[in-house]
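Below: the structure, in structure tokens.
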Amino acid sequence: MFSQQYDVIVVGGGHAGAEAAAAAANMGSKTLLVTMNLQTIGQMSCNPAMGGIAKGQIVREIDALGGYSGIVSDRSAIQFKMLNRSKGPAMWSPRVQSDRMQFAATWRMLLEQTPNLDFYQETVKDLIVVDGKVTGVITSFGTEINARTVVLTNGTFLNGLIHIGEKNLGGGRAGEKAATGLTETLRSHGFETGRLKTGTPPRVDGRSIDYSKMEEQPGDPNPGKFSFLDQIAPVEKQISCHITYTNNEVHELLASGFDRSPMFNGRIKSTGPRYCPSIEDKINRFKDKTRHQIFVEPEGRDTIEVYVNGFSTSLPEDVQYNALRAVPGFENVKFFRPGYAIEYDYFPPTQLKHSLETKRIKNLFFAGQINGTTGYEEAAAQGIMAGINAHRLTHEKDPIVLKRDQAYIGVLIDDLIIKGTEEPYRMFTSRAEYRTLLRQDNADQRLTPIGHAIGLASTKRLEKLEEKTKSTEKMLAFLEFTSYNPNELNPILAQKNSAPVKQAGKYDKVLARPNIDTADLESLPNFKAFLEDNNISSEVLEQAEIQVKYAGYIAKEKALADKMQQLDHIKIPMDFDYLPLASLSHEAKEKLQKIQPTNLAQAARISGINPSDISVLLVQLT
């Protein structure tokens with residue numbers, strides 16, 4: 001059955017695995033997706049949502065490259081919101097509430113329609129490694145499947161252990177067994193491993209919730225979408241989420257179970273996500289807080305199941321139940337299933353190259369939570385890059401490595417490889433030093449040309465981008481060279497409490513004012529006529545407005561990025577020996593030797609490396 005050799009084998013069918021398999025297959029590699037359960041491909045293990053702060057930018061970047069996460073999210077959306085609209089455009093972050101079942105079904109359908117992609121339901125327990133190079137995998141039934149490259153995307157399944165109060169059981173997700181064997185194999189090849197923890201809240205019966213005691217959270221009046229493709233439509237008939245709050249009674253009931261909590265009695269020893277703590281961790285760490293937000297999120301259009309976001313917990317079921325009943329709106333709540341914590345193996349990502357190929361075993365790639373990240377979006381981003389680079393390695397092409405000024409994906413991977421992580425890594429806008437350049441609205445401009453050049457993004461995507469670019473340039477030229485009529489403009493300025501103009505001037509100057517936007521100008525005769533005559537879309541109008549308003553910030557970040565690129569061009573040989581350099585500190589030698597940066601810019605970002613260390617290397621390398 002497996003007499004042929006695959007170009008790429010992807011192990012695991014979560015968000016990382018699905019993107020990796022789709023990317024490799026769509027680029028032309030004969031690909032096999034091996035997963036423990038074909039019914040759970042693309043499963044949303046935790047919250048039924050995609051996007052959010054910085055994560056929404058990542059989903060748009062995946063879409064711009066030619067990946068599927070944005071398309072799947074849009075097709076299964078039940079609500080869309082653009083977060084942080086009150087802040088600058090660098091902070092705007094799209095988010096969708098998803099129909100959990102439709103999300104997974106859409107992923108399965110898209111993958112099944114992908115040429116070059118085969119499927120096999122089995123557990124991979126071992127690797128075939130010959131002379132330091134992976135050549136295939138071995139399943140739990142002893143089947144050997146040969147491949148030129150292998151991508152591991154095992155999620156939380158590697159030696160997964162589920163905790164609910166004083167009970168624990170092996171598993172990678174509720175109702176699914178853990179994966180064993182691979183960790184031990186990789187350790188035998190010299191890989192360093194660690195343990196991390198994540199958690200999930202109870203799922204409850206929506207019919208038992210009193211929504212009248214909660215704050216309704218509707219979607220945007222004019223919803224957007226993730227995908228840049230025209231044929232993907234925004235969500236219709238949105239479903240509201242709700243917000244409620246814990247109180248002192250809830251906190252006391254939760255605290256009553258601390259003696260049986262695996263987090264506090266020593267059963268859980270691994271590190272959990274700093275920015276998504278369990279409810280017991282929140283009330284323990286923030287004792288001064290009298291309440292915490294609970295987001296009540298529907299699991300889909302055709303189900304009564306509800307996700308209680310903000311109430312992740314591994315406390316005993318009775319404690320969870322009694323405490324949740326004290327939350328306004330949940331007085332008569334019925335559980336579908338309790339919350340739980342899960343511990344799992346991961347591999348510190350400093351053991352990888354920027355291509356996500358491992359340093360110890362050639363042709364072996366890691367992507368997703370195996371690298372210490374948390375979140376669907378971070379996993380999918382690694383998955384698409386691992387799939388791209390596994391394909392390219394198979395066909396003897398150089399890897400694609402996105403830079404920090406090109407994409408949040410570049411920031412994510414660079415952070416992991418250069419800095420490593422000892423806790424589940426989550427992306428934030430604050431992690432990106434060039435976030436004004438890395439906006440959600442221009443992800444296509446940044447990445448679609450790359451995606452098309454490598455054979456992943458379609459020609460239709462590139463043509464649409466070229467049309468958008470031409471239209472935006474035309475709009476910017478209009479703003480720069482067309483004058484407004486002061487008599488027509490001043491009434492609008494007065495309504496916005498903006499200083500009147502005394503003489504005619506160009507539109508870009510008035511649009512640069514912080515309290516004036518293009519919507520204020522659309523009623524002006526020559527402005528309105530230009531929009532209609534040139535069929536300017538709202539997307540193009542927003543893009544032009546951002547470029548006008550933030551021109552100074554954009555120019556400053558571009559200049560900084562160009563300056564840093566000078567260090568990018570100074571390469572460090574892979575076999576470079578740091579030990580003889582007496583001027584380097586012992587810490588610098590140790591970290592440089594371990595991480596093996598490929599250029600001076602990467603070396604400068606390593607924690608503990610000082611400017612003086614970079615100066616020493618600069619002298620040696622130039």
Side-chain angles (χ1 to χ4, degrees), residues 2 5-12 16-17 20-21 23-24 29-35 122-140 142-155 157-159 179-194 344-373 379 382-401 413 416-418 420-421 573-575 593-598:
F2 293 113
Q5 182 187 48
Y6 283 95
D7 293 321
V8 181
I9 289 178
V10 177
V11 180
S29 281
K30 186 63 179 173
T31 306
L32 175 67
L33 176 60
V34 186
T35 183
E122 245 280 47
T123 299
V124 170
K125 70 168 187 179
D126 206 349
L127 301 174
I128 306 170
V129 180
V130 180
D131 296 328
K133 179 189 291 187
V134 71
T135 61
V137 301
I138 302 173
T139 72
S140 59
T143 305
E144 294 190 6
I145 312 174
N146 296 315
R148 291 179 169 184
T149 57
V150 173
V151 183
L152 296 184
T153 68
N154 301 82
F157 283 79
L158 291 178
N159 293 325
T180 58
L182 266 181
T183 297
E184 291 70 28
T185 291
L186 292 166
R187 278 186 191 141
S188 72
H189 287 281
F191 281 89
E192 176 191 348
T193 68
Y344 56 94
D345 293 339
Y346 87 108
F347 293 80
T350 51
Q351 301 171 101
L352 304 177
K353 302 174 184 178
H354 275 75
S355 63
L356 297 180
E357 182 188 13
T358 70
K359 295 173 183 175
R360 290 189 175 275
I361 298 179
K362 294 178 181 177
N363 294 25
L364 177 64
F365 293 78
F366 291 172
Q369 285 179 286
I370 191 173
N371 291 335
T373 58
Q382 295 168 72
I384 192 172
M385 297 311 298
I388 288 169
N389 287 324
H391 163 83
R392 290 181 68 83
L393 182 59
T394 296
H395 293 83
E396 299 180 348
K397 296 180 180 179
D398 291 335
I400 298 297
V401 176
I413 293 174
L416 292 173
I417 276 67
I418 297 300
T421 186
M574 286 299 292
D575 58 352
Q593 202 75 39
K594 179 181 179 181
I595 295 173
Q596 296 177 322
T598 59

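Index from 1, following the sequence.
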> Is the F191 ring parallel, tilted or perpendicular to the F347 ring (thresholds 30°, 60°)?
Replying inline: perpendicular
> So which of V34, N146, I145 actually passes side-chain contact (heavy atoms from CB on, under 4.5 Å) with Y6?
Replying inline: I145
> Does a side chain donor of either Q382 or T373 reach within less than 3.5 Å of an acceptor in the other side chain?
Replying inline: yes
> What are the two closest non-hydrogen atoms of A367 and A16, and how far apart are they?
Replying inline: O-CB, 3.9 Å
> Is the side chain of E144 donor-acceptor paired with the backbone N or O of I138 at a distance under 3.5 Å, no angle test?
Replying inline: no
> Can you tell me if T180 uses its side chain to pair, donor with acceptor, with the backbone of K125 under 3.5 Å?
Replying inline: no
>> So which atom in I417 and which in T350 form the shortest heavy-atom distance, rounded to 0.1 Å?
In response: O-CG2, 3.4 Å
>> When you measure from the side chain of T358 to the backbone of L352, do you find a donor-acceptor pair of N or O atoms at a distance under 3.5 Å?
In response: no
>> Determine whether a donor-acceptor pair (N or O, by modelled atom type, separation under 3.5 Å) exists between the side chain of D345 and the backbone of T183.
In response: no
>> Once side chain to side chain donor-acceptor pair (under 3.5 Å) is applied, do any residues pair with E184, and if so which ones, sequence neighbours excluded?
In response: N159
>> Heavy-atom count check: over 12 atoms from other residues, nucleotides or ligands less than 6.0 Å from K359 NZ?
In response: yes
>> What's the separation between atom CD1 in I413 and atom NZ in K353, rounded to the nearest 0.5 Å?
In response: 14.5 Å
> Under 3.5 Å, side chain of T31 to main-chain N/O of S29, donor-acceptor pair present?
Replying inline: yes
> Does a donor on one side chain sit under 3.5 Å from an acceptor on the other, for D126 and T185?
Replying inline: yes
> Is the backbone of V150 close enough, under 3.5 Å, to the side chain of N363 for a donor and an acceptor to pair up by distance?
Replying inline: no
> Does T193 reach the side chain of L186, with side-chain heavy atoms less than 4.5 Å apart?
Replying inline: no
